[in-house]
Amino acid sequence: MSSVARKIRREQDRTIGLVPTMGALHEGHLSLVREARRMCDVVVVSVFVNPTQFGPGEDFEHYPRDLTKDTALLTDYNVDYIFAPPAEEVYPRGFSTYVTVEGLSDQLEGASRPGHFRGVTTIVSILLNVVRPDFTFFGQKDAQQALIIKRLVRDLAFDTEIIILPTVREDSGLAMSSRNLYLSPEERQAAPVIHHALAKAKEAFKDGERSGHRLTEIVRTMIEAEPRARVDYVNVSDAETLEKTDKLDDRPTLITVAVFFGKTRLIDNTMLNSAKKKEGVGNGSR
Ligand code: AMP
């Protein structure tokens, strides 16, 4: 165990908040840090580009890394510990234990990125065991990940409460993401179409549209009208089971999308019927 991990262990009589990240921090990450600071005595931000959640041919090698800049940002937020372990410490030689949430991990992002969530749930399990946080903070931007982590924590009885916070967007509506750094100026101009398409579907839902198929088409058609965009998937599903929904009722429903701009793959989502279960906020589980 590293000296940072050992120091964190000595904090166990205080309320600890953990914000897991892969770095290249932006306002989305910082919104989680701010909430952790508000709720907890000790704030730990992990910065680790986790190799096991990237598939072959994905962007692991090129993923933006700037620990100096991240550290400077986090200092402004009075973060107590930045946990940025070397990969050999997290995955020692002979590492062979993985954690999988079955079912939920195979759909949507899991179907497009096989093995991705196995990497996510494995690293999150390791971080929870090392840091032992009272509260752990994630973004609704990665809606499926949030759902899977909540299931992981419940099923394996991790003693932490998962807090999900709303997606932070640029003024254009584009969801903040470290991968936005890859976009060319033209692609960046085009990318807010994702949010506009989701907003249009949400509007249609408010106006009474209850067909999952037609809502999917609204989103797909609007995104496909943007020549720089290539849709990977658009899906309308039950917000708890992720099962595809065609006839919407008053249950919370999630529209999720993944779209390529050149080689850059962006994801976003919106929740319908979120009044009952306020979008992204406070739906902690323990
Ligand atoms: P990442 O560094 O991309 O692994 O993200 C770390 C955490 O920040 C995850 O819980 C993400 O869901 C969350 N996050 C990323 N982008 C945003 C955003 N735009 N708004 C809110 N949370 C975000």
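Numbers here are sequence positions counted from 1. Ligands are counted one by one from 1 in listed order, and the atoms in each one are counted from 1 as well. Both backbone and side-chain heavy atoms feed into the values below; hydrogens, waters and symmetry mates do not.
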Which of the atoms of ligand 1 are close to Thr21, meaning less than 4.0 Å from one of its heavy atoms?
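Numbered from 1, ligand 1 contributes 2 (O), 6 (C).
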
Nearest 0.5 Å please: distance from the [atom1] atom of [X] over to the [atom2] atom of [Y].
{"X": "Asp142", "Y": "Thr167", "atom1": "CG", "atom2": "OG1", "result": "8.0 Å"}
{"X": "Ile194", "Y": "Asn269", "atom1": "CD1", "atom2": "CG", "result": "11.0 Å"}
{"X": "Gln140", "Y": "Met271", "atom1": "CD", "atom2": "CE", "result": "5.0 Å"}

Mind telling me whether Phe137 and Phe135 have parallel, tilted or perpendicular rings, with 30° and 60° as the class edges?
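Ring orientation, 0 to 90° scale: tilted.
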
For the residue pair Tyr91 and Phe48, categorise the inter-ring angle as parallel (less than 30°), tilted (30 to 60°) or perpendicular (more than 60°).
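Rings of Tyr91 and Phe48: tilted, as their planes differ by 30° to 60°.
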
What is the closest protein heavy atom to [atom], and at what distance does it sit?
{"atom": "atom 15 (C) of ligand 1", "value": "His26 CE1, 3.9 Å"}
{"atom": "atom 22 (N) of ligand 1", "value": "Gly139 CA, 3.5 Å"}
{"atom": "atom 14 (N) of ligand 1", "value": "Asp142 OD2, 4.3 Å"}
{"atom": "atom 20 (N) of ligand 1", "value": "Val168 N, 2.8 Å"}

Report yes or no: does [X] have a heavy atom closer than 4.0 Å to ligand 1?
{"X": "Pro20", "value": "yes"}
{"X": "Glu27", "value": "no"}
{"X": "Ala146", "value": "no"}
{"X": "Leu165", "value": "no"}

When you look at CD of Glu89, are more than 12 heavy atoms from neighbouring residues, nucleotides or ligands closer to it than 6.0 Å?
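Enclosed: over 12 neighbouring heavy atoms sit under 6.0 Å from CD of Glu89.
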
Would you find more than 12 non-hydrogen atoms of other residues, nucleotides or ligands less than 6.0 Å from Arg214 atom CZ?
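Open.
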
Counting only nitrogen or oxygen atoms and a 3.5 angstrom limit, does [X] reach ligand 1?
{"X": "Gly23", "answer": "no"}
{"X": "His29", "answer": "yes"}
{"X": "Met22", "answer": "yes"}

Answer with side chain, backbone, both or neither: which part of Val19 has a heavy atom less than 4.0 angstrom from an atom of ligand 1?
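Answer for Val19: neither.
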
Location of contacts on Met176 toward ligand 1, heavy atoms closer than 4.0 Å:
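Both backbone and side chain.
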
Looking at non-hydrogen atoms alone, which of Ala175, Gly28, Ser177, Pro166 comes nearest to atom 18 (C) of ligand 1?
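Result: the heavy atom closest to atom 18 (C) of ligand 1 is in Gly28.
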
Nearest to atom 3 (O) of ligand 1 by heavy atom, Phe137, Phe138, Tyr63: which?
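Looking at heavy atoms only, the winner is Tyr63.
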
Has Arg37 got a side-chain atom pairing as donor or acceptor with Asn78's backbone, closer than 3.5 angstrom?
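A pair under 3.5 Å: yes.
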
Row check, Phe158 ring normal vs Arg151 NZ/CZ: under 6.0 Å, within 45°:
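Negative - Arg151 is either too far from the ring of Phe158 or too far off its axis.
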
When you measure from the centre of the six-membered ring of Phe261, is the NZ or CZ of Arg230 under 6.0 Å away and within 45° of the axis?
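Not satisfied by the 6.0 Å and 45° rule.
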
